[in-house]
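Have a look at the structure below before the remarks.
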Amino acid sequence: MALFPFLSYSYPKSESFREIFISSLGAGIAVYLFLIIFQPFGTENFHHPYKYSLLFPYCIIFTFLFFVVSIFTSRFNYWNIGTELLKIITVLFLGSVLSYFYNSLFVSHVEFSLGNYFYMLLYSLALGIPVSAIYILARYIYLKNLHENTARKISQQLTTETNVPPVRLLKVYNNTTELIIGESDFLCAVSMENYCNLYFLENGKIQKQLIRISLSNILKQIETDSIKKCHRSHIVNLRKVKNLNGNAQGYKLILPEIDFKIPVSRSFIPDIIPQLQQKKY
């Protein structure tokens, strides 16, 4: 990593099933178009009335592999450019294996040999890695610039005063504990497996309370126009957000009362960021 420090930069992996499916389908279609346009692996010498139909299974192979590998890697919490590139190399390697068998059996009708497979593997890696690296870096730079610019604009808006909300009390409770917090005093809640840490102000001083309760139950009890879930493990009071940072991974909300930044999951960006931009809470 020291030789290529950019490989350790955080990289946004696909989070939702829909996003993984669409990106996998896009990768498969890209492979199919590449085969039609450039016709590598001897397919330019392959003449058949249904040639393009016979090439379509390559699209299915890479769509399937990209989908399976992406589903498997989505469980990892930390993701960077290096791991994304390693994921794509894995897809290319597995794809070269299945493509070789399909090509030998149904397209070229050549005998199986390690030499022929090695040629296909090298060809796949030589073409796939540079294109993938360009795509990864381009997507990283685009998202980084987009989120940084958006965060900068919103931060400037957040410096202005907003209307003081009417006094409202929030009640957080479980079987043994009941906690009453003013909405304007609530800062955030952070999930810790079966427990949650609640951060709030009491007489102007920051307080931290650990309660045995799930984040979803807290959200049901206290969600308002300004108190929203922004991450699978975080709830935040948007009125308390005074700044935010943006990078390729997404956004982090800054509350001056606490010493950590609150992440915004990519799936929550369409809900959280527009509210901060328009101050509709």
Side-chain angles (χ1 to χ4, degrees), residues 1 4 6-32 58-99 124-125 128-129 131-148 150-151 189-196 214-216 219 228-236 244-253 260-273:
M1 290 296 180
F4 302 103
F6 65 88
L7 293 178
S8 61
Y9 293 171
S10 295
Y11 190 81
K13 67 178 184 294
S14 299
E15 294 182 344
S16 67
F17 181 90
R18 178 176 180 272
E19 186 179 1
I20 290 175
F21 176 77
I22 292 175
S23 60
S24 301
L25 184 60
I29 293 175
V31 169
Y32 181 61
Y58 290 111
C59 172
I60 299 175
I61 289 172
F62 280 93
T63 297
F64 171 76
L65 290 174
F66 200 100
F67 180 80
V68 171
V69 174
S70 295
I71 287 291
F72 175 77
T73 56
S74 64
R75 68 185 66 185
F76 297 102
N77 293 326
Y78 181 72
W79 203 250
N80 56 34
I81 291 179
T83 49
E84 178 71 12
L85 187 57
L86 182 61
K87 182 189 82 172
I88 292 178
I89 292 175
T90 301
V91 172
L92 291 174
F93 171 74
L94 296 175
S96 68
V97 174
L98 296 182
S99 297
S124 299
L125 295 178
I129 292 178
V131 173
S132 300
I134 293 173
Y135 164 77
I136 291 172
L137 291 176
R139 182 169 181 255
Y140 173 84
I141 294 172
Y142 169 75
L143 291 174
K144 181 176 183 293
N145 291 335
L146 175 65
H147 294 159
E148 284 181 348
T150 302
V190 181
S191 174
M192 301 175 60
E193 295 183 357
N194 295 325
Y195 292 84
C196 282
S214 67
L215 195 72
S216 60
L219 187 64
K228 298 291 182 180
K229 185 177 182 181
C230 61
H231 187 271
R232 65 175 179 272
S233 60
H234 290 76
I235 294 173
V236 66
L244 72 160
N245 293 337
N247 54 33
Q249 195 76 6
Y251 298 94
K252 291 186 183 296
L253 307 179
F260 58 90
K261 298 177 182 179
I262 299 176
V264 179
S265 295
R266 293 178 62 212
S267 58
F268 289 99
I269 287 178
D271 296 326
I272 299 299
I273 299 304

Worksheet item: With a 4.5 Å limit on heavy-atom distance, are the side chains of I136 and I88 in contact?
Response: yes
Discussion item. With no hydrogens and no angle check, just 3.5 Å: does a side-chain donor-acceptor pair link S216 and S214?
Written reply: yes
Item to complete: Please report the shortest heavy-atom distance between I269 and H147, naming the atom on each side.
Response: CD1-NE2, 4.4 Å
Item to complete: Could you walk me through whether L244 and I273 pass the side chain to side chain contact (heavy atoms under 4.5 Å, CB included) test, one step at a time?
Response: CA-CA 10 Å; L244 72 160; I273 299 304; 4.1 Å; yes
Worksheet item: In Å and rounded to the nearest 0.5 Å, what is the OH to OG1 distance from Y58 to T63?
Response: 14.5 Å
Worksheet item: Going by heavy atoms in the side chains, are K261 and N245 under 4.5 Å from each other?
Response: yes
Item to complete: Rounded to the nearest 0.5 Å, what's the gap from CG on L25 to CZ on F66? Could you check?
Response: 11.0 Å
Worksheet item: Going by heavy atoms in the side chains, are I262 and H231 under 4.5 Å from each other?
Response: no
Worksheet item: So do the side chains of T83 and Y11 get within less than 4.5 Å of each other, counting heavy atoms only?
Response: no
Worksheet item: Can you tell me how far CZ of F93 sits from CG of L86, rounded to the nearest 0.5 angstrom?
Response: 12.5 Å
Worksheet entry | Shortest non-hydrogen contact from K228 toward L219 | C-CD1, 4.4 Å
Worksheet, complete the sentence: Distance col, row C196:SG vs L215:CG, nearest 0.5 angstrom, shows 4.5 Å
Worksheet item: Just how far is it from atom CG of L65 to atom CD1 of I60, taken to the nearest 0.5 Å?
Response: 12.0 Å
Worksheet item: Does F67 reach the side chain of F21, with side-chain heavy atoms less than 4.5 Å apart?
Response: yes
Worksheet item: Does S99 reach the side chain of F62, with side-chain heavy atoms less than 4.5 Å apart?
Response: yes
Discussion item. So, taking the atom named CD1 in I89 and the one named OG in S124, what distance separates them when rounded to the nearest 0.5 Å?
Written reply: 12.5 Å
Worksheet entry | Close side-chain approach of W79 to K87, heavy-atom, < 4.5 Å | yes
Practice prompt. With the side chain counted from C-beta on, respond yes when T150 and Y251 share a heavy-atom pair under 4.5 Å apart, and no when they do not.
Written response: yes
Worksheet item: For atom CZ of F260, is the number of surrounding heavy atoms from other residues, nucleotides or ligands below 6.0 Å larger than 12?
Response: yes
Fill in: Which atom of Y32 lies closest to which atom of C59, heavy atoms considered
CB-CB, 3.8 Å
